[in-house]
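The figures here come from the full heavy-atom set of this structure, side chains too, leaving out hydrogens, waters and symmetry mates. Throughout, a chain's letter reflects where its sequence line sits, starting with A, and its residues are numbered from 1.
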2 protein chains.
Amino acid sequence: MTTLRAQKKRQTRKSILEAAIKLFTEKGFEQTSIEELAKVAGIGKATIYGYFATKQEIYLAFCEEEMDYVFRHMDEEVDPQAPLLEQIVALSMAQFDFVTANREFGRLFCREIAFPRESMADKSRELDARYLARVMEIIQRAQQRGELHEDADPLLALANFHAFYLLVISGWYGGYFATREMVATMLRALCRQSLIGWGEGDPGEVPDREIMDQIKAPFANLHLAEVDSQEDQE
Amino acid sequence: MTTLRAQKKRQTRKSILEAAIKLFTEKGFEQTSIEELAKVAGIGKATIYGYFATKQEIYLAFCEEEMDYVFRHMDEEVDPQAPLLEQIVALSMAQFDFVTANREFGRLFCREIAFPRESMADKSRELDARYLARVMEIIQRAQQRGELHEDADPLLALANFHAFYLLVISGWYGGYFATREMVATMLRALCRQSLIGWGEGDPGEVPDREIMDQIKAPFANLHLAEVDSQEDQE
DNA sequence: GGTCGAATTCGACCAGGGTCGAGACTGGTG
DNA sequence: CACCAGTCTCGACCCTGGTCGAATTCGACC
């Protein structure tokens with residue numbers, strides 16, 4: 001399918017994205033108008049809507065590009081043999097640094113990822129799936145090393161740590177944690193305490209098995225076969 | 001300061017809010033135009049901007065009104081002597097029900113509360129402070145009853161449970177948890193496991209004391225004197 | 001090479017959030 | 001009562017995200 005037509009289409013899409021990267025990075029999302037974007041991309045405004053349905057969608061595509069960079073960065077940052085706590089914190093903070101490199105940019109990003117509108121849900125799930133997969137790897141390795149209860153549910157652990165990430169970044173935007181250092185400390189404190197456990201005595205009955213299974217079904221592919229046969233994906 | 005002027009101003013604000021409640025409830029946020037709002041409130045469009053800087057701000061004021069209702073509901077829902085787990089789940093689910101009564105409405109709400117823009121941060125902190133205060137009460141009572149480690153940090157516990165709330169609601173919007181039941185189950189599972197603890201062995205060093213204190217400073221007023229001298233605020 | 005339908009492009013347009021500035025109202029002062 | 005300064009109000013306007021339909025381009029098939 002390398003007709004002239006398809007080629008051109010890809011080219012146009014690329015130039016929109018390039019314009020987006022340039023302008024969003026330079027002036028931010030809200031300050032960049034579609035018209036401007038079109039001009040820089042060298043096309044008409046309405047043409048853009050042949051490629052993206054909304055401005056937000058352009059934004060998500062833009063994020064996808066940026067993410068590639070972050071993930072490379074993450075791999076350098078995280079030592080797969082370090083204690084679970086350290087790995088989680090390192091990974092989360094790498095993500096945090098990316099997201100908050102530009103405050104407004106990150107807010108948009110978090111909003112779209114954490115509370116996507118229906119039409120974007122797929123896209124946004126896809127975006128953080130990559131991140132979640134990393135966390136899952138960390139958890140599974142940790143469990144194999146015996147850092148987590150043998151019978152702890154890895155998916156639940158994933159949710160647990162992801163929850164903490166959401167919390168600290170939300171806290172950062174809400175002004176509860178003013179500095180990066182506070183964010184990291186809070187994150188570490190939460191993870192640590194959750195490893196110890198909060199409670200005393202009987203924590204009550206086990207969650208309904210059937211529903212938990214329902215919840216888990218879509219994540220089946222996250223349990224990547226065997227973690228110990230690590231294939232570095234460079 | 002009950003001059004004619006001030007009176008009228010209050011009246012105008014009130015009629016804007018009334019129009020907002022009517023229209024937002026009837027047609028949703030995005031489907032309501034400022035112009036319409038103005039017409040229903042019986043004033044000019046530009047006048048609204050003398051009272052609220054942006055449409056979102058009107059929205060938050062609207063939410064504040066609605067919240068009153070929710071909080072009354074919550075008190076009926078939550079039994080202060082039930083196990084911690086049950087109380088947390090009941091409270092969170094009450095909040096969840098409120099927020100998701102209308103999907104679009106709730107998304108807006110979550111976005112503004114969890115990732116507020118600078119200009120709204122105060123307002124949005126104020127809005128969820130009331131909710132957080134309830135959670136804190138529950139935690140403190142539980143700790144007095146011995147359901148939490150004596151030396152567990154209540155504020156950290158608050159963050160912990162709030163994180164779970166954020167996670168499940170985000171998961172709901174992301175399409176990970178399709179039904180209310182799944183949300184509740186997930187929440188319960190997370191809370192439960194966090195009471196037991198995830199880990200085995202030494203969880204690493206304690207978080208930096210100084211930074212934790214910094215983080216906590218703004219919450220001083222949440223540690224409401226003594227919880228056992230409960231004054232019902234009807 | 002010619003022709004027709006589908007895909008692509010874009011100028012013109014619409015709707016809605018937000019601004020501006022001129023005028024109307026209030027209430028304090030001499 | 002006359003006047004002025006500050007406050008409110010609102011019609012007209014601007015800007016920008018998004019739509020529409022006509023014109024153009026492409027390429028499959030004769």
Side-chain angles (χ1 to χ4, degrees), chain A residues 1-20 23-24 26-62 104-105 108 111-112 116-120 123, chain B residues 1-20 22-24 26-62 104-105 108 111-112 117-120 123:
Chain A
M1 218 219 254
T2 316
T3 72
L4 205 172
R5 200 158 209 141
Q7 223 168 14
K8 199 170 167 195
K9 187 143 200 210
R10 232 171 303 135
Q11 175 52 45
T12 304
R13 189 189 151 88
K14 204 173 138 205
S15 48
I16 295 175
L17 235 38
E18 269 163 18
L23 292 178
F24 287 169
E26 260 171 30
K27 337 177 19 182
F29 177 74
E30 316 226 359
Q31 280 65 50
T32 301
S33 77
I34 298 273
E35 199 142 18
E36 210 175 348
L37 210 50
K39 196 151 65 179
V40 171
I43 58 177
K45 171 178 166 179
T47 302
I48 289 188
Y49 287 89
Y51 294 83
F52 302 95
T54 65
K55 200 183 177 190
Q56 277 77 19
E57 215 169 275
I58 304 176
Y59 179 77
L60 283 191
F62 160 74
E104 183 219 345
F105 163 89
L108 240 317
R111 287 181 173 201
E112 295 295 338
R117 56 202 77 193
E118 267 83 320
S119 62
M120 305 279 199
K123 195 78 190 165
Chain B
M1 221 221 250
T2 318
T3 72
L4 207 169
R5 197 157 212 143
Q7 226 169 11
K8 199 170 166 192
K9 188 142 198 213
R10 232 171 303 136
Q11 176 51 45
T12 303
R13 189 192 151 88
K14 205 175 137 202
S15 47
I16 295 175
L17 233 38
E18 269 163 20
K22 180 172 187 304
L23 293 177
F24 288 168
E26 260 171 30
K27 335 177 19 180
F29 177 73
E30 315 226 0
Q31 281 63 49
T32 301
S33 76
I34 298 274
E35 199 141 17
E36 210 174 349
L37 211 50
K39 197 150 64 178
V40 171
I43 57 175
K45 172 178 166 180
T47 303
I48 289 189
Y49 288 89
Y51 294 83
F52 301 96
T54 65
K55 201 183 177 190
Q56 277 76 18
E57 213 169 279
I58 304 176
Y59 179 76
L60 282 192
F62 161 75
E104 182 221 347
F105 163 88
L108 237 320
R111 287 180 172 201
E112 294 295 338
R117 57 203 77 193
E118 265 84 322
S119 63
M120 305 278 200
K123 194 77 189 165

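Within 4.0 Å (heavy atoms only), B:F52 reaches no atom of the nucleic acid at all.
When atom types are taken as modelled, the side chain of B:T32 and the backbone of B:G28 share a donor-acceptor pair closer than 3.5 angstrom. For B:K55 (side chain) and B:F29 (main-chain N/O), a donor-acceptor pair under 3.5 Å exists by modelled atom type.
Of all nucleotides listed (C:dG18, D:dG17, D:dT9), D:dG17 comes nearest to the side chain of A:I34. In this structure, the nucleotide among D:dG18, C:dT9, C:dG16 sitting nearest to the side chain of B:S33 is C:dG16.
For the pair B:E30 CD and D:dG18 P, the computed distance is 10 Å after rounding to whole Å. Straight-line distance from the OH atom of A:Y51 to the P atom of D:dG18: 18 Å, rounded to whole Å. Between the CZ atom of B:R117 and the C1' atom of C:dG17 there is a distance of 12 Å, rounded to whole Å. Between the P atom of C:dC10 and the NZ atom of A:K39 lies a distance of 14 Å, rounded to the nearest Å. When the P atom of D:dT7 is taken as reference, atom CZ of B:R10 falls 17 Å away, rounded to whole Å. Per the geometry, CD belonging to B:Q31 stands 13 Å off C1' belonging to C:dA15, to the nearest Å. In this structure, CG of A:L23 is placed 15 Å from C1' of D:dT16, rounded to the nearest angstrom. Distance B:E35 CD to C:dG17 P: 9 Å, rounded to the nearest Å.
Within residues 41-50 of chain B, the residues approaching DNA chain D are B:I43, B:G44, B:A46, B:T47, by heavy-atom distance under 4.0 Å.
Other residues, nucleotides and ligands place no more than 12 heavy atoms under 6.0 Å from the CD atom of A:E35. Open room surrounds NZ on B:K14; 12 or fewer heavy atoms of other groups in view lie less than 6.0 Å from it.
For B:T12 and A:K55, each mapped to the nucleotide of DNA chain D holding its nearest heavy atom, the one lying further toward the 5' end belongs to B:T12.
Side-chain contact between B:E118 and A:E104: absent, with no pair of heavy atoms (C-beta onward) separated by less than 4.5 Å.
Remark: D:dC30 base-pairs with C:dG1. Criterion, Watson-Crick or G-U wobble with two distances under 3.5 Å.
Under the 30°/60° scheme for interplanar angles, the aromatic rings of A:F62 and A:F105 are found to stand perpendicular.
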* Asked: Are A:K123 and A:E112 close enough, and set up right, to give a salt bridge (charged side-chain N to carboxylate O under 4.0 Å, His left out), and what steps lead you there?
  -> CA-CA 10 Å; A:K123 195 78 190 165; A:E112 295 295 338; over 6 Å; no
